[in-house]
A.B. asks: 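Encoded as structure tokens, here's the structure I'll be asking about.
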2 protein chains.
Amino acid sequence: MDEAAQSGRRGRASVRAARIQDVAKLAEVSTATVSRALATPERVSAEARARVMEAIAKTGYVPNPAARTLRSQKTYMVLVVLPDLANTFFSKILRGIEETLFEAGYGMIIGDLDGSPEKEAHFAAYTAAGRVDGAILLHGHLFGQSRGGEGAPDRIGIPLVALCEAIPGADIPQIEIDNRAAASRMTRHLASLGHRSIAYVSGPAGNILELERFLGYRDGLEAAGLSFDPALVIPGDYTIESGVAAGQNLVARASRPTAVFCTSDEMAIGLMRTLFSAGLKVPDDISVAGFDDIEFAAVAEPALTTIHQPRRELGQAAATALVALLQGRPTPKRIRLDTELVIRDSVAALCPMS
Amino acid sequence: MDEAAQSGRRGRASVRAARIQDVAKLAEVSTATVSRALATPERVSAEARARVMEAIAKTGYVPNPAARTLRSQKTYMVLVVLPDLANTFFSKILRGIEETLFEAGYGMIIGDLDGSPEKEAHFAAYTAAGRVDGAILLHGHLFGQSRGGEGAPDRIGIPLVALCEAIPGADIPQIEIDNRAAASRMTRHLASLGHRSIAYVSGPAGNILELERFLGYRDGLEAAGLSFDPALVIPGDYTIESGVAAGQNLVARASRPTAVFCTSDEMAIGLMRTLFSAGLKVPDDISVAGFDDIEFAAVAEPALTTIHQPRRELGQAAATALVALLQGRPTPKRIRLDTELVIRDSVAALCPMS
DNA sequence: ATGAAAGCGCTAACAG
DNA sequence: CTGTTAGCGCTTTCAT
């Protein structure tokens with residue numbers, strides 16, 4: 001009862017972390033009871049539970065996650081894959097995900113693709129190796145499906161959820177906004193202010209968001225009785241730099257549109273910068289609209305008219321869906337959150353003079 | 001030799017992941033040899049190694065990290081704790097950390113404090129539970145040392161590195177810039193342009209960066225022969241919102257400084273916004289300087305004069321130091337990277353007229 | 001250079 | 001409600 005105390009020396013040097021055995025011994029119960037007291041308290045007598053808890057407090061016991069994972073085949077970790085961590089658009093989404101995951105007892109590992117496909121393989125290996133129980137995908141496709149080609153393994157064995165960038169054809173829950181409707185709304189807003197020549201700064205070619213938003217732009221044009229002019233579509237990729245480039249494109253033109261709809265706030269801010277440098281005034285000479293409503297949109301000069309996305313809620317919804325899957329509960333295949341048109345100062349009614 | 005093939009049914013339904021045993025059997029070696037072929041190839045005959053590699057390819061074997069961790073007591077995971085993931089200042093730092101860690105074979109778990117001390121305990125538990133081998137701390141103090149009080153456990157048993165926000169008194173490698181010198185440089189730059197009334201928008205009280213930058217501001221003032229005026233210090237906390245508030249503070253004043261040194265770009269951008277709204281022109285009516293050189297600094301209107309921090313390199317240096325520690329190699333206790341004064345358009349020489 | 005065997009710390013059956 | 005008993009899959013002595 002006291003002989004089996006410590007295995008040899010107990011100098012204060014290496015005070016090995018307490019194991020479940022130490023707790024069991026101190027509480028005078030079996031290790032199974034300790035385990036149960038932690039996992040399913042209701043299945044343990046109040047008395048035993050109290051003794052276990054006391055022993056845990058006394059020993060400072062913290063369960064070893066590796067052992068737990070090895071035995072239970074559950075990691076309580078979720079992988080979140082995103083195209084670009086530096087994009088401020090994602091940070092609040094991440095917050096929403098993390099807080100929901102945390103409440104459900106899951107940890108979050110972030111996989112930042114940073115624009116390189118090789119990294120995707122790296123994170124795919126995480127799932128293959130069983131490092132995580134599930135994943136939230138923000139980058140618009142399934143692992144190993146970069147080319148959308150044949151051998152696309154529809155699933156890699158763990159629950160998956162797509163967030164923001166829908167993955168066409170994938171049989172997993174998709175959480176997103178109605179990009180098409182939002183883009184249409186903004187286009188109509190611009191048209192309602194008298195603009196008849198509305199340029200469109202696109203996202204990366206092939207991107208699903210771009211596809212949807214472009215369709216919305218066309219919808220809006222049509223709804224306003226405006227005809228589509230391909231010359232008014234300026235390529236972009238959602239970055240500040242591409243917005244700057246789009247601005248140069250615009251400035252160089254002989255005849256300019258009276259309004260520009262940028263499909264990301266970062267592009268809108270970069271574009272306005274170029275316009276200013278060229279001596280053009282926003283919104284007096286040209287109106288500029290964005291998309292996303294990132295933090296800087298409200299403090300840009302002029303403050304940016306844009307589409308607000310409920311970023312935190314988007315993250316929460318995705319995490320909630322994944323947790324449901326993880327716990328074997330059903331979850332809707334598609335969740336669409338509402339956006340909002342935020343009117344600020346970068347868009348003005350077209351002056352008939354102009 | 002072929003009887004022990006599969007343990008029972010081998011329907012295509014549940015193709016359990018290959019284990020090291022499967023590889024060993026296929027390669028006709030022991031599991032120990034497979035393990036060694038992976039960890040220490042040089043200790044295995046070329047022949048055996050080839051057979052093992054082939055078997056691995058054939059089975060699609062991926063080592064189980066939980067089992068590996070349980071046995072070797074190494075997680076090959078590093079925790080990165082930061083005060084605010086939404087702050088764009090950190091994203092590039094994270095990139096630098098991740099790429100370096102990845103090359104060294106380590107994964108990264110991000111601990112976003114999001115401004116709540118409770119979360120810190122949460123992430124401290126990660127380290128206590130042995131989920132990670134080491135940690136990089138960007139939040140300016142050690143775990144459980146929030147109050148800087150007595151029982152500060154100087155170490156929690158795993159290697160730690162402090163990044164950006166130095167931790168006074170902690171005996172761990174610290175990677176940072178020379179905040180004091182940089183702030184002094186900016187202050188002197190402003191003074192050299194004729195400004196004699198230079199306001200200072202601070203960081204959060206007690207923050208080590210704030211302490212250093214404030215000292216630098218004082219240094220710069222002194223070097224320029226200017227006296228310090230407490231009324232010119234406006235409180236802030238590095239956020240956009242606090243910059244907006246600082247701007248309101250400024251606008252409300254009867255007599256205004258001719259230049260404002262904001263100790264973060266986000267504050268500078270928020271402040272300029274307020275100034276504009278109040279009809280003040282930057283830099284004509286008032287010069288504004290920032291600190292950090294985030295992406296938006298270059299495209300702000302006007303483009304922001306600021307202090308450039310080598311963010312990616314900072315991250316790389318911290319990760320490199322931690323990996324050295326993890327591998328038992330020595331590393332310098334303090335690394336200071338150079339900053340740069342970036343002159344753009346938000347600061348102008350003081351017009352004698354004014 | 002290789003194999004046998006002993007666990008790392010935990011949870012899940014299975015009895016009782 | 002509780003204890004006993006097996007391992008989860010891997011790395012690592014210790015022999016050979």
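In the text below, chain A, chain B and the rest are named by the order of the sequence lines, each starting its count at 1.
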A.B. asks: Do you know which two heavy atoms are closest between B/Leu326 and B/Pro159, and how far apart they sit?
C.D. replies: CD1-CG, 3.5 Å
A.B. asks: Determine which pairs satisfy salt bridge (charged side-chain N to carboxylate O under 4.0 Å, His left out) with at least one residue from residues 316-332 of chain A, sequence neighbours left out, and list them in order.
C.D. replies: none
A.B. asks: Taking heavy atoms of chain A and a 4.0 Å limit, find me the 5'-most and 3'-most nucleotide of DNA chain C within that range.
C.D. replies: C/dG9 to C/dA13
A.B. asks: Is a salt bridge present between B/Asp22 and B/Arg19, judged by a nitrogen-to-oxygen distance below 4.0 Å?
C.D. replies: yes
A.B. asks: Side chain to side chain contact (heavy atoms under 4.5 Å, CB included) with A/Pro173: which of A/Ile335, A/Leu160, A/Ile136, A/Val161?
C.D. replies: A/Val161
A.B. asks: Applying side chain to side chain donor-acceptor pair (under 3.5 Å), which residue pairs with at least one partner in residues 69-87 of chain B are found, sequence neighbours left out?
C.D. replies: A/Arg95-B/Asp84, B/Thr75-B/Asp133
A.B. asks: Provide the full list of ring-ring contact (aromatic ring centres under 6.0 Å, His included) pairs with a residue in residues 47-68 of chain A, sequence neighbours left out, each pair given once.
C.D. replies: none
A.B. asks: Checking B/Glu54 now: which residues fulfil salt bridge (charged side-chain N to carboxylate O under 4.0 Å, His left out) with it, not counting sequence neighbours?
C.D. replies: B/Lys58
A.B. asks: Is there a side-chain contact between A/Glu165 and A/His141 in this structure, where contact means two heavy atoms from C-beta onward sitting under 4.5 Å apart?
C.D. replies: no
A.B. asks: Under 4.0 Å from any heavy atom of chain A: name the first and the last nucleotide of DNA chain D that qualifies, 5' to 3'.
C.D. replies: D/dC1 to D/dG9
A.B. asks: How sharply is the helix from C/dA1-D/dT16 to C/dG16-D/dC1 bent, taking the axes over five pairs at either end and rounding to 10 degrees?
C.D. replies: 30°
A.B. asks: Under the side chain to side chain contact (heavy atoms under 4.5 Å, CB included) test against A/Leu322, which residue among A/Leu163, A/Val78, A/Thr331 passes?
C.D. replies: A/Val78
A.B. asks: With sequence neighbours left out, write down each residue that passes ring-ring contact (aromatic ring centres under 6.0 Å, His included) with A/Tyr126, or none if nothing qualifies.
C.D. replies: A/His122, A/Phe123
A.B. asks: Kindly say whether B/Pro41 contributes a backbone atom to a donor-acceptor pair with the side chain of B/Arg49 at under 3.5 angstrom?
C.D. replies: yes
A.B. asks: Please list all pairs meeting salt bridge (charged side-chain N to carboxylate O under 4.0 Å, His left out) that have one or both residues in residues 96-108 of chain A, counting only residues at least two apart or in different chains.
C.D. replies: A/Glu98-B/Lys119, A/Glu99-A/Arg312
A.B. asks: Determine which pairs satisfy side chain to side chain donor-acceptor pair (under 3.5 Å) with at least one residue from residues 32-47 of chain B, sequence neighbours left out, and list them in order.
C.D. replies: B/Ser30-B/Thr33
A.B. asks: Both B/Glu42 and B/Ala67 contact DNA chain C. Taking the nearest nucleotide for each, which residue is further toward the 5' end?
C.D. replies: B/Glu42
A.B. asks: Just wondering, do A/Arg334 and A/Glu176 contact through their side chains at under 4.5 Å, heavy atoms?
C.D. replies: yes
A.B. asks: Mind running a 4.0 Å heavy-atom check of residues 68-78 of chain A against DNA chain D and sending the residues that fall below it, in number order?
C.D. replies: A/Leu70, A/Arg71, A/Gln73
A.B. asks: Measuring from atom CG of A/Leu314 to atom CG of A/Leu94, what distance do you get when rounded to the nearest 0.5 angstrom?
C.D. replies: 12.0 Å
A.B. asks: Mind running a 4.0 Å heavy-atom check of residues 45-61 of chain A against DNA chain D and sending the residues that fall below it, in number order?
C.D. replies: A/Ser45, A/Ala48
